[in-house]
Amino acid sequence: MHFSLDEFTASTTAARRGIPNVLPLELLPAAHETLAMLQRIRDWLSAQAGRDVPVVITSGYRCGALNAAVGSSPRSDHVRAMAADWRAPAFGTSVEVCRALAPMVGALGIGQLINEFPGPSGWVHASTAYPLQPVNRVITITSAGTVPGIIGA
């Protein structure tokens with residue numbers, strides 16, 4: 001396994017603001033499931049690329065205070081240790097990664113795949129939780145709103 005609980009809970013925002021982002025013991029099973037999903041994603045991307053493709057977690061578990069500090073919804077899967085935001089620059093942009101992963105969400109155990117803010121600073125959000133509406137399983141979020149599917153250059 002290439003992922004640790006330390007990197008799943010690490011946060012520059014939490015460090016900067018003095019927020020203790022400690023994973024509660026009752027969320028440990030969800031965190032392990034999310035990290036296992038990320039490992040499947042990394043393995044699949046690496047196989048597709050024919051080389052090792054590191055997955056860099058930019059935001060994993062967030063305690064309530066941290067989640068509020070970053071302006072996320074209180075219903076975010078991050079507060080339940082069921083999601084991670086990440087990049088895989090050795091594979092491509094967030095758009096390229098999401099386009100590759102979209103047909104594989106079922107096989108890789110991805111409940112929801114989001115291409116967040118396509119562009120040079122964009123990232124991928126992957127969750128083990130399934131959205132209530134199936135149309136929201138694979139989406140793109142931009143400053144203009146949310147659309148089904150993967151869009152972007």
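Not measured: the values here are computed from a predicted model.
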TODO: May I ask you to check whether over 12 heavy atoms, not counting those of Glu26, lie within 6.0 Å of atom CD?
DONE: yes

Task: Hydrophobic cluster identity match, Val70 and Leu27, side-chain contacts under 4.5 Å - done: no

Task: Asp85 (side chain) donor-acceptor with Ser59 (main chain) under 3.5 angstrom - done: no

Open item on the list: Let me confirm one number: the CG-OG distance from Leu35 to Ser4, rounded to the nearest 0.5 Å.
Closed with: 7.5 Å

- [ ] Tell me, with the steps shown, if Leu108 and Leu101 meet side-chain contact (heavy atoms from CB on, under 4.5 Å).
- [x] CA-CA 9 Å; Leu108 295 173; Leu101 290 175; 3.6 Å; yes

Open item on the list: Nearest 0.5 Å, please: how far is OG1 in Thr146 from CD1 in Ile139?
Closed with: 5.0 Å

Open item on the list: Quick check against the 3.5 Å criterion: does Arg87 have a side-chain atom that pairs as donor or acceptor with the backbone of Gly122?
Closed with: yes

TODO: Determine yes or no for a side-chain-to-main-chain donor-acceptor pair under 3.5 angstrom, with Ser127 supplying the side chain and Met82 the backbone.
DONE: yes

Task: Stepwise side-chain contact (heavy atoms from CB on, under 4.5 Å) check, His78 with Tyr61 - done: CA-CA 5 Å; His78 288 272; Tyr61 168 73; over 6 Å; no

Open item on the list: Once rounded to the nearest 0.5 Å, what's the spacing between atom CG of Leu38 and atom CD of Glu7?
Closed with: 8.5 Å

- [ ] Using distance alone, with no hydrogens and no angle criterion, decide if Asn115 and Ser94 have a side-chain donor and acceptor under 3.5 Å apart.
- [x] yes

Open item on the list: Working to the nearest 0.5 angstrom, can you tell me the gap between Arg62 CZ and Leu23 CG?
Closed with: 14.0 Å

TODO: For His125 and Asp77, test the side chains for any donor-to-acceptor distance below 3.5 angstrom and give the result as yes or no.
DONE: no

Open item on the list: I'd like to know if the side chain of Ser46 and the backbone of Val53 have a donor-acceptor N/O pair within less than 3.5 Å.
Closed with: yes

Open item on the list: Can you give me the closest heavy-atom contact between Asn67 and Ser73, atom names plus distance?
Closed with: ND2-O, 2.7 Å

Open item on the list: Any side-chain to backbone donor/acceptor pair from Thr140 onto Val147? Under 3.5 Å, distance only.
Closed with: no

Task: Contact summary for Ile141 and Pro118, nearest pair of heavy atoms - done: O-CD, 3.6 Å

Task: Donor-acceptor contact below 3.5 Å, side chain Arg80 vs main chain Ala31 - done: no

Open item on the list: Strictly distance-based, threshold 3.5 Å: is any side-chain N or O of Arg137 a donor or acceptor partner for the main-chain N or O of Gly111?
Closed with: yes

Task: Verify same cluster id: Ile114, Phe91 (apolar side-chain graph, 4.5 Å) - done: no

- [ ] Check whether Phe3 and Trp44 end up in the same hydrophobic cluster, where Ile, Leu, Val, Met, Phe, Trp and Tyr are linked by side-chain heavy atoms less than 4.5 Å apart.
- [x] yes

Task: Between CE on residue Met104 and CG on residue Leu45, distance to nearest 0.5 Å - done: 10.0 Å

TODO: For side-chain contact (heavy atoms from CB on, under 4.5 Å), just list the numbers for Trp123 and Trp86, CA-CA rounded to whole Å, side-chain angles, deciding distance to a tenth of an Å, and then say yes or no.
DONE: CA-CA 6 Å; Trp123 64 90; Trp86 51 275; over 6 Å; no

Open item on the list: Quick check: closest heavy atoms across Pro74 and Val79, and the distance to 0.1 Å?
Closed with: O-CG2, 3.7 Å

- [ ] Taking Arg51 for its side chain and Ala90 for its backbone only, find out whether a donor-acceptor pair lies under 3.5 Å.
- [x] yes

- [ ] For residues Ile110 and Ala126, report the shortest heavy-atom separation together with the two atoms involved.
- [x] CG2-CB, 4.4 Å

TODO: Please round to the nearest 0.5 Å and tell me the distance separating atom CD1 of Ile57 and atom OG of Ser11.
DONE: 12.5 Å

Task: Test item: Thr9 side-chain N/O and Leu5 main-chain N/O as donor-acceptor pair under 3.5 Å - done: yes

Task: Evaluation steps, side-chain contact (heavy atoms from CB on, under 4.5 Å), between Cys63 and Val22 - done: CA-CA 7 Å; Cys63 67; Val22 179; over 6 Å; no

Task: Distance-minimising heavy-atom pair for Phe8 and Ala84 - done: CE1-CB, 4.2 Å

TODO: Kindly say whether Met37 contributes a backbone atom to a donor-acceptor pair with the side chain of Arg42 at under 3.5 angstrom?
DONE: no

